[in-house]
Amino acid sequence: MSGSAVNVLQIGEGNFLRGFADWMIHSCRKQGLFAGSVAVTQPRPAGKRKIAQLAEQDGLYTLVVRGLENGERVERREMIGVFSQVFDPYEEWERFLALADNPDLRLVISNTTEAGLTYKAEPLQEGEPTQSFPGKIARLLYRRYEAFGGAPDKGLVVLPCELLERNGDTLRDCVLRYAADWRFPEAFLDWVRAHNRFLNSLVDRIVTGYPDEAQAEAWFAEWGYRDDMLTACEPYHLWAIEAEPELESLLPLRAAGLNAHWVDDLTPFQLRKVRILNGAHTLMTPLGLLHGVEHVRELMEHREWSAFVRRTVEEEIIPSLPYPEPDMLAYAGEVFERYLNPFIRHRLHDIAMNSLSKARARLLPTMAHYAGRGECVPDGLTRGFAGLLRYYRAEEREGRFVGRTLSGESYELRDDSALLARIAHAWRDARSPEAAIAALLADASLWGQDLSVWPGFTERIIRCWNATEQGGNE
Ligand SMILES: NC(=O)c1ccc[n+]([C@@H]2O[C@H](COP(=O)([O-])OP(=O)(O)OC[C@H]3O[C@@H](n4cnc5c(N)ncnc54)[C@H](O)[C@@H]3O)[C@@H](O)[C@H]2O)c1
Ligand SMILES: O=P(O)(O)OC[C@@H](O)[C@@H](O)[C@H](O)[C@H](O)CO
């Protein structure tokens with residue numbers, strides 16, 4: 001483990017943080033720009049296995065950065081050694097809270113997916129771990145407030161990486177809500193608001209995690225060691241943080257030559273990335289999987305699918321954005337190149353996880369842009385959404401939800417089980433596919449709104465559905 005003093009707490013043991021934020025801290029350290037180290041814990045009991053594996057490896061892991069950089073092929077292997085403490089907060093709760101007593105602690109970073117950055121009421125139990133991620137931050141901050149008597153200079157800078165709009169504001173609101181539920185003193189809430197920062201930020205890097213077995217084995221043979229925490233990612237990276245550039249003194253990202261931006265307004269970075277890059281992923285994934293395509297690159301090399309994705313982005317998603325079209329087209333061009341990166345294999349199966357909430361955040365706002373003006377949702381988005389509904393047509397089997405591709409192969413859906421159950425029941429109870437589709441589109445608990453009121457949408461979705469079932473286009 002790193003011997004440096006802890007000044008960063010990381011909530012999240014996942015691939016993304018290891019391929020992004022930890023790599024950035026490593027890059028700063030390598031250049032002598034950052035002293036200190038990271039204490040890492042998992043946000044939910046399920047992360048226990050990876051935390052144990054990381055601890056077993058002394059907090060070290062290999063990152064392989066592969067792809068094209070300025071047209072040149074690069075493949076860089078780095079041993080990342082930023083962790084000085086790796087532990088399970090459910091087993092060592094007091095150790096977790098005690099991090100708050102460390103005066104050098106300055107920064108908290110997190111990635112717990114959109115599902116983790118939410119408020120779910122839970123009781124405060126002294127001596128027992130809090131389950132939720134924001135609840136853990138509330139307790140950590142309360143301990144710090146008490147340890148330092150509410151000193152203004154002991155507040156923390158919290159930098160969540162979850163892909164939610166205004167992630168910092170969301171986290172602060174959840175923390176304050178837990179603090180109020182648990183009747184922490186009003187002075188503490190004032191201290192949280194006045195002396196702690198919850199920064200909104202937008203992250204961008206395709207981190208594909210552990211590579212396929214054949215590639216991993218080839219590397220292990222070449223390197224002469226194995227690494228179960230091996231992570232692969234693309235060279236491209238961008239971190240836009242809504243804060244003043246003076247925070248470089250805390251995290252010298254730009255000084256280290258990283259593609260980081262301290263910005264006044266995050267919205268343009270957020271919208272273009274989530275609507276174009278993530279939106280196109282969510283659009284292509286169900287259709288690709290239903291047709292037996294496994295990877296993003298494979299799909300983008302396919303004549304018909306590639307044309308479908310490009311056309312939908314260029315002619316439907318980009319015109320809905322309030323930014324100059326040439327800038328957005330240039331960004332989309334970069335995104336397509338990243339999708340085609342010949343050196344990483346981005347599994348559609350991985351992107352498919354939680355596609356219901358992803359569609360809500362990444363695709364529906366574009367569709368709603370058209371519907372809100374009384375126009376039909378354009379063809380590409382409609383076809384993609386019909387594909388999503390078809391992909392989620394599942395049967396419940398012993399608590400699992402199983403769907404079938406167009407060629408009849410089965411797959412398991414990974415999403416919120418209550419929502420999956422609603423969908424499975426709608427299919428079971430409906431008299432016909434048309435009735436099931438109409439019921440699902442009208443179900444606001446799935447989409448946050450009733451989509452059946454959009455002009456002509458239900459009929460057009462049914463047409464696309466039938467065309468998909470017959471293996472053709474609408
Ligand atoms: N992988 C990428 O290319 C990439 C790029 C940009 C952003 N992201 C963000 O990362 C997330 C996926 O993370 P990853 O790629 O590291 O995957 P991962 O599966 O390796 O890690 C997911 C992390 O989230 C935690 N988590 C999952 N569900 C949770 C829940 N319900 N409550 C609390 N914690 C939970 C896990 O314990 C783990 O720490 C995405 O949702 C997105 O927000 C990923
Ligand atoms: O990471 P997810 O599962 O939320 O979304 C899947 C991809 O869209 C995503 O990982 C992108 O590759 C990433 O957001 C690029 O920065």
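One-based numbering, in listed order, for ligands and for the atoms of each. Note that the numbering runs from 1 along the sequence shown for the chain.
Considering Glu162, Glu114, Arg44 only, the shortest heavy-atom separation from atom 41 (O) of ligand 1 involves Glu114. Around atom 26 (N) of ligand 1, the closest heavy atom drawn from Ile351, Val203, Thr112, Leu202 belongs to Thr112. Summarising the contacts of atom 9 (C) of ligand 1 with Leu163, Ile11, Asn111, Thr208, the nearest heavy atom is found in Asn111.
Ligand 1 places these atoms under 4.0 Å from at least one heavy atom of Ile206: 3 (O). For ligand 2, the atoms closer than 4.0 angstrom to any heavy atom of Leu163 are 14 (O). Residue Ile206 approaches ligand 2 through these ligand atoms, each under 4.0 Å from one of its heavy atoms: 12 (O), 15 (C). For ligand 1, the atoms lying closer than 4.0 Å to a non-hydrogen atom of Lys50 are 20 (O). Taking a cut-off of under 4.0 Å to the non-hydrogen atoms of Lys273, the atoms of ligand 2 that pass are 13 (C), 14 (O), 15 (C), 16 (O).
For atom 9 (C) of ligand 2, the nearest protein heavy atom (residue, atom name, distance) is Asn278 ND2, 3.6 Å. Nearest protein heavy-atom contact of atom 3 (O) of ligand 2 is Lys358 NZ, 2.7 Å. Residue, atom and distance of the protein heavy atom nearest to atom 7 (C) of ligand 2 are His281 ND1, 3.3 Å. With respect to atom 4 (C) of ligand 1, the closest heavy atom belonging to the protein is Phe16 CD1, 3.2 Å. Of all protein heavy atoms, the one closest to atom 32 (N) of ligand 1 is Gly116 CA, 3.4 Å. Of the protein's non-hydrogen atoms, the one nearest atom 21 (O) of ligand 1 is Gly14 CA, 3.4 Å. Remark: minimum distance from atom 16 (O) of ligand 2 to any protein heavy atom is reached at Asp204 OD1, 2.7 Å. With hydrogens left out, the protein atom closest to atom 5 (O) of ligand 2 is Arg362 NH1, 3.0 Å, a heavy atom. For atom 10 (O) of ligand 2, the closest non-hydrogen atom on the protein side is His346 CE1, 4.4 Å. Looking at atom 22 (C) of ligand 1, its nearest protein heavy atom turns out to be Thr113 CG2, 3.9 Å. Among protein heavy atoms, atom 5 (C) of ligand 1 sits closest to Arg205 O, 3.0 Å. In this structure, atom 31 (N) of ligand 1 lies nearest to the protein heavy atom Ala115 CB, 3.6 Å.
Classification of Lys120 and Glu122 as a salt-bridged pair fails, no side-chain N sitting under 4.0 Å from a carboxylate O. Remark: Asp204 engages Arg338 in a salt bridge, criterion side-chain N to carboxylate O under 4.0 Å. By the 4.0 Å N-to-carboxylate-O rule, Glu94 lies close enough to Arg143 to be salt-bridged with it. Checked for salt-bridge contact, Arg345 and Glu294 miss the test: no charged N lies under 4.0 Å from a carboxylate O. Salt bridge status for Glu114 with Arg362: present, with a side-chain N to carboxylate O gap under 4.0 Å. The pair Arg272-Glu334 does not meet the salt-bridge criterion, since no charged nitrogen lies less than 4.0 angstrom from a carboxylate oxygen.
Of all the heavy atoms of Lys136, none lies under 4.0 Å from any atom of ligand 1, so neither backbone nor side chain is involved. Contacts of Glu13 with ligand 1, taken as heavy-atom pairs under 4.0 Å, involve both backbone and side chain.
For the pair Asn341 (side chain) and Arg66 (backbone), a donor-acceptor distance under 3.5 Å is present. Put simply, the side chain of Arg347 never gets that close to the backbone of Ala352: no donor and acceptor are under 3.5 Å apart. Side-chain atoms of Glu78 do not come within 3.5 Å of backbone N or O of Leu63 as any donor-acceptor pair. Listed for the Lys358 side chain is a donor-acceptor partner under 3.5 Å among the backbone atoms of Met353.
Of the polar atoms of Val207, at least one N or O is found under 3.5 Å from an N or O of ligand 1, judged by distance alone.
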Ring pair (Phe, Tyr, Trp, His ring centres under 6.0 Å) between Tyr339 and His281, worked out:
CA-CA 9 Å; Tyr339 287 168; His281 266 161; 4.9 Å; yes
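Within a 4.0 Å radius of atom 12 (O) of ligand 2, the protein contributes one or more non-hydrogen atoms. For atom 19 (O) of ligand 1, the nearest protein heavy atom is 4.0 Å or more away.
Put simply, part of Arg205 is less than 4.0 Å from ligand 2, judged by heavy atoms. Ligand 1 lies nowhere less than 4.0 angstrom from a heavy atom belonging to Gln42.
Between Phe269 and His261, the ring-plane angle classifies as tilted under the 30° and 60° cut-offs. Ring planes of Trp305 and His302: tilted class, angle from 30 to 60°. Using the six-membered ring where Trp is involved, His237 and Trp23 have ring planes that are perpendicular, over 60° apart on the 30 and 60° scheme.
Side-chain atoms of Ser320 and Arg275 include no donor-acceptor pair closer than 3.5 Å.
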